[in-house]
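Only one structure is covered here, and it is reproduced in the block below.
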There are 2 protein chains.
Amino acid sequence: MLTIGKLGASAGVKVPTIRYYEQIGLLPEAERSSGNQRLYGQKALERLAFIRHARDLGFTLEAIRDLLSLSDNPDQPCAAADAIAKAQLLEVESRLARLTALKGELERMIVQCAGGRIADCRVIEILGDHSLCATDHRHPRGDETS
Amino acid sequence: MLTIGKLGASAGVKVPTIRYYEQIGLLPEAERSSGNQRLYGQKALERLAFIRHARDLGFTLEAIRDLLSLSDNPDQPCAAADAIAKAQLLEVESRLARLTALKGELERMIVQCAGGRIADCRVIEILGDHSLCATDHRHPRGDETS
DNA sequence: TCTAATGTCTCTAGTAACTATAGCTTCAAG
DNA sequence: CTTGAAGCTATAGTTACTAGAGACATTAGA
Ligand SMILES: [Zn+2]
Ligand SMILES: [Zn+2]
Ligand SMILES: [Zn+2]
Ligand SMILES: [Zn+2]
């Protein structure tokens, strides 16, 4: 049995994050010791490692919630799990496209600046006027920039 | 003079967002009409367009706050502005690197799944075990995934 | 065994950048 | 003059945590 600190160290997750996952129902309520401290077994460690890895791959907690409940039904077909992964891939690809455009614009504006006064700064000028940009990099609302 | 709705439409920013920017001091307090409604002139439109464009390029509001105060001092040297843009470029490049790794892993896991039961699903299996991954894509804490 | 340091407990609030809701007032068109 | 759209304030919700306060539990050393 692991204390919450050991569990966190094993899975690479901070202690308050574990408590948070329990609070939102992503982890089941833990057993408690006589002194009311949480105790975890191997299954909890695996579940937490799954969550951590999926977070590292950019899945949202909502997607992870679905993936976990799928993985609790081993005899079901896996189409739903694959669909979640494919959606995540699409999301990543769209962020990648946007970030690539941003990188290009940022490079362009930095290169163009000759480094004089603000009044002549190409960075400031381009920030004030998208028509000076080479690409249409604008942000569709509800889309995460990052 | 523009009403808040016209201003938002002109700059491509939602009305509540404009009020939010005013609240956090990114936009100055607007003039008011006799009926207490906000009124904006050309300068406010330019400032809001600047903010919008910088947001579209992924700058944080804090960075934008600094860029705006720099652009209010046209005779200063522009090194500080350029530094902010360069920092943003580095940020974008690091996100790009991470997302590229994520894309690779997601493609790998999707391709490997034969589409059977959850128990045999490669997606679920790999999510549970990072050692099955080809790259080290792990998320340094405090770093934005997106 | 006592004690000091570390770990854990609960609860609350804060982060970024908005978005949504409620309940009200003002404005513009017909 | 009336109605519907637009505007006002204030509050709360979003995501995925992180930080803090103040109290209790556990462990290691002297
Ligand atoms: Zn410059
Ligand atoms: Zn642009
Ligand atoms: Zn599968
Ligand atoms: Zn991995």
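Below, chains carry the letters A, B, ... as their sequence lines are ordered, and counting in each starts from 1.
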Heavy-atom check, side chain of A:Leu132 versus side chain of A:Glu125, under 4.5 Å: yes
When rounded to whole Å, the CD to P distance for the pair A:Gln23 and C:dT8 reads 18 Å
B:Glu31 atom CD is separated from D:dC8 atom P, nearest whole Å, by 13 Å
Quick check: on DNA chain C, is the nucleotide nearest B:Leu61 upstream (toward 5') of the one nearest B:Asn36, or the reverse? Name the residue that is more 5'. B:Leu61
Out of D:dC17, C:dA17, C:dT10, whichever nucleotide has its closest atom nearest the side chain of A:Arg32: C:dT10
Starting from P on C:dT15, measure out to OH on A:Tyr20 and report it in whole angstrom. 17 Å
Can you tell me how far P of C:dA17 sits from CD1 of B:Ile18, to the nearest Å? 17 Å
When you look at B:Thr3 and B:Gln37, which way does the side-chain hydrogen bond (donor to acceptor under 3.5 Å, both in side chains) test go after all the steps? CA-CA 7 Å; B:Thr3 61; B:Gln37 302 197 345; over 6 Å; no
Using whole Å, what does the distance between atom C1' of nucleotide C:dC27 and atom CD1 of B:Ile4 come to? 15 Å
According to a 4.5 Å side-chain heavy-atom criterion applied to Ile, Leu, Val, Met, Phe, Trp and Tyr, with indirect links allowed, do B:Leu68 and B:Leu70 form part of one hydrophobic cluster? yes
Counting side-chain heavy atoms from C-beta on, which of C:dT10, C:dT19, D:dT26 comes nearest to A:Gln37? D:dT26
OP1 or OP2 of D:dT18 under 4.0 Å from side-chain N/O of A:Thr17: yes
Check whether any side-chain N or O of B:Thr3 sits under 4.0 Å from OP1 or OP2 of D:dG7, and answer yes or no. yes
Rounded to whole Å, CG of B:Leu39 lies from P of C:dT26 at a distance of 15 Å
Criterion side chain to side chain contact (heavy atoms under 4.5 Å, CB included) against B:Leu57, the qualifying member of A:His137, A:Lys103, A:Arg138: A:His137
B:Val15 side chain, from C-beta outward: closest of C:dC18, D:dC17, D:dG7: D:dG7
Give a yes/no on whether any side-chain N or O of B:Tyr21 is located under 4.0 angstrom from OP1 or OP2 of C:dA17. no
Quick check: closest heavy atoms across A:Leu67 and B:Ile124, and the distance to 0.1 Å? O-CD1, 4.0 Å
When B:Gly5 and A:Thr60 are each assigned the nearest nucleotide of DNA chain D, the 5'-most assignment goes to B:Gly5
Taking only N and O in the side chain of A:Lys14, is any of them less than 4.0 Å away from OP1 or OP2 of D:dC17? no
For a quick check of understanding: with a heavy-atom distance under 4.0 Å over all strands, which category does B:Phe59 fall into, base, sugar-phosphate or nothing? nothing
Output the rounded distance in Å from OH (A:Tyr40) to C1' (C:dC9). 12 Å
Need one value for A:Arg38: base, sugar-phosphate or nothing, where a base atom within 4.0 Å counts as base even if backbone is also close, heavy atoms only. sugar-phosphate
When you measure from the side-chain N and O atoms of B:Arg19 to the phosphate of C:dC18, is any distance below 4.0 Å, counting only OP1 and OP2? no
